[in-house]
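Report on the structure given below.
In the text below, chain A, chain B and the rest are named by the order of the sequence lines, each starting its count at 1.
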2 protein chains.
Amino acid sequence: MSSTAKGVRARARMEVTAAIKDEARRQLAAEGAAKLSLRAVARELGMVSSALYRYFPSRDDLLTALIIDAYDSLGESAEAAHAEAVDAGPVQRWISVAQAVRDWALRHPHEYALIYGSPVPGYTAPDTTVPPASRVGLVFIGILREAHATSGLTEPAPLPADLRPEAERMTADLAPDLPPANVAALVASWAELFGLVGFDLFGQFNRVVEHREAFFRHAVGRLAHGVGLVDGRG
Amino acid sequence: MSSTAKGVRARARMEVTAAIKDEARRQLAAEGAAKLSLRAVARELGMVSSALYRYFPSRDDLLTALIIDAYDSLGESAEAAHAEAVDAGPVQRWISVAQAVRDWALRHPHEYALIYGSPVPGYTAPDTTVPPASRVGLVFIGILREAHATSGLTEPAPLPADLRPEAERMTADLAPDLPPANVAALVASWAELFGLVGFDLFGQFNRVVEHREAFFRHAVGRLAHGVGLVDGRG
DNA sequence: ACACATTCGAGAGCACTGCTCTTGCTTTGG
DNA sequence: CCAAAGCAAGAGCAGTGCTCTCGAATGTGT
């Protein structure tokens with residue numbers, strides 16, 4: 001009943017699978033998803049390429065595994081930043097989490113590109129990726145809900161009539177205790193945050209924005225106020 | 001001095017170059033950038049792959065040409081939308097241009113991914129791409145400048161001290177007649193707009209946002225107000 | 001403990017890719 | 001008119017994802 005519970009074979013499979021993912025992640029970080037080669041991974045691990053298909057039925061399945069890990073890694077960073085900023089006010093908490101997202105992206109550009117850049121060839125992400133992909137969003141929802149329960153939220157611009165049912169549906173799905181207008185603003189700001197990060201990372205800010213950190217901090221602060229957060233102790 | 005001014009050969013070169021780009025664009029639209037194959041393009045055009053290298057020294061150069069064309073196509077759509085909305089108020093103009101960007105993206109998803117998604121392998125865009133890439137941004141700057149000169153702008157949240165010099169530099173580069181706080185907000189909203197479009201296009205809104213048009217319209221309306229635009233006749 | 005089934009690594013091979021180099025042919029310009 | 005430049009074609013190199021087959025190692029049921 002040790003960690004070798006299921007026998008030598010299952011254990012070896014775990015280890016080899018992990019080694020493949022590790023080496024693949026190394027190549028991903030070094031050269032990007034497009035140059036990730038099954039053969040090169042196998043070569044580096046001292047095995048032959050066909051052996052690798054015992055562990056991942058195709059290159060896209062390997063990528064899917066890396067995508068899930070990337071979402072989890074990013075989500076973990078966001079959650080950690082939120083936990084560390086627990087003593088700050090809602091706006092500062094929001095900013096801290098946003099900065100954690102940006103920092104992670106700058107530290108793992110190719111993995112960020114893998115999950116928030118163009119989808120690969122004809123690849124469509126399986127449902128397995130949904131929960132890990134939601135973690136960052138859930139952190140922001142948590143900030144808003146906590147603020148709503150304690151220091152309160154300001155009301156954003158009223159919803160147009162054609163968006164009311166949609167906003168109420170989103171509210172029921174995501175955070176039933178929040179006003180729909182704030183939920184709609186939150187979802188928009190969530191996407192907008194990744195627009196800021198992506199432009200920074202992918203070079204669209206070259207020759208335009210110089211002091212990226214200060215600019216980003218100000219921009220996400222504006223987003224925080226836009227969703228209804230107000231300064232003050234949490 | 002007709003269009004065959006430089007002789008049969010130069011004319012043929014233009015035509016073949018155009019045919020290559022057309023076929024490449026077709027494959028790009030059909031399968032995405034990763035599956036764009038020089039050999040397949042040549043095959044479809046009835047020539048041999050090596051002949052294609054007389055026109056584009058590498059696959060990346062072909063992609064660069066397509067990137068420039070995509071930026072120009074998107075920029076043209078944005079400019080056309082702006083021209084058509086000339087009678088509307090500033091906010092409505094902003095929304096119309098934003099919708100044109102989104103519509104273009106939905107109509108050319110792979111080309112959008114090419115220019116605003118992950119950068120290709122180790123590829124870095126040459127300076128040739130800068131002017132076409134700026135066209136959309138320039139339209140938004142134009143809307144803000146016109147509004148500033150006529151109906152006026154509201155003041156966004158004041159700039160923090162560490163962002164003042166940066167905002168003033170951006171203002172000098174982009175629109176010296178605008179207040180720096182509005183320029184900083186504009187640059188942020190520019191990136192945020194593409195965050196909204198990207199999330200829509202790349203599936204991040206799946207199972208979250210249902211009525212995409214209404215949601216997008218509301219979100220970019222909020223961005224318009226955020227940069228200081230106010231409703232009213234243009 | 002033995003036999004059967006499953007799992008695994010290795011190798012060969014297919015069809016494809018980007019790219020280079022050489023070989024002739026055609027157009028161009030002095 | 002003839003040399004120079006532009007061009008298409010073919011062969012070839014190194015690499016890719018993926019499939020199939022074949023022994024060997026490792027499981028499991030009796």
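Ring centroids of A:Y116 and B:F202 are separated by 6.0 Å or more, keeping the two rings apart.
Between A:E23 and A:Q27, some side-chain heavy-atom pair lies under the 4.5 Å cut-off. Looking at B:L52 and B:L45, their side chains never come closer than 4.5 Å, going by heavy atoms from C-beta outward.
Rounding to whole angstrom units, CD of residue B:E15 and C1' of D:dA8 are separated by 17 Å. Across the protein-nucleic acid pair, A:K35 atom NZ and C:dT17 atom C1' stand 14 Å apart, rounded to whole Å. Atom-to-atom, CG of B:L52 to P of C:dC21 comes out at 18 Å; the value is rounded to the nearest Å. When the C1' atom of C:dT17 is taken as reference, atom CG of A:L38 falls 15 Å away, rounded to whole Å. A straight line from CE of A:M47 to P of C:dG11 spans 14 Å, rounded to a whole angstrom. Look at CZ on B:R11: it is 15 Å from P on D:dC7, rounded to the nearest Å. A:D60 has its CG atom 10 Å from the C1' atom of D:dG17, to the nearest Å. Look at OH on A:Y55: it is 18 Å from P on D:dG17, rounded to the nearest Å.
Between A:D61 and A:T64, the side chains place no donor N or O within less than 3.5 Å of an acceptor N or O (distance only, hydrogens not considered).
In this model, the phosphate group of D:dT16 is approached by a side-chain N or O of A:R43 to a distance below 4.0 Å at OP1 or OP2. The phosphate of D:dT16 has neither OP1 nor OP2 within less than 4.0 Å of any side-chain N or O from A:S49. Between B:Y53 and the phosphate of D:dA8, there is no side-chain N or O to OP1/OP2 separation shorter than 4.0 Å. One finds no side-chain N or O of B:R13 lying less than 4.0 angstrom from the OP1 or OP2 phosphate oxygen of D:dG6. Distances shorter than 4.0 Å separate none of the side-chain N or O atoms of A:R9 from OP1 or OP2 on C:dT7. Taking only side-chain nitrogens and oxygens, A:S50 never comes nearer than 4.0 Å to OP1 or OP2 of C:dA12. OP1 or OP2 of D:dG17 lies within a sub-4.0 Å distance of a side-chain N or O belonging to A:R59.
Among the heavy atoms of the strands lying under 4.0 Å from B:L36 are primed sugar atoms or P, OP1, OP2 only; no base atom is included. Within 4.0 Å (heavy atoms only), A:F56 reaches no atom of the nucleic acid at all.
Comparing C:dA10, C:dC8, C:dC19 by their nearest atom to the side chain of A:V48 picks out C:dA10. Among the nucleotides C:dG13, D:dA9, C:dG9, the one closest to the side chain of A:R39 is C:dG13. Of all nucleotides listed (C:dT17, D:dA8, D:dA9), C:dT17 comes nearest to the side chain of B:A40.
When every heavy atom of B:A188 is checked against every heavy atom of A:L196, the shortest pair comes out as O-CD2, 3.7 Å.
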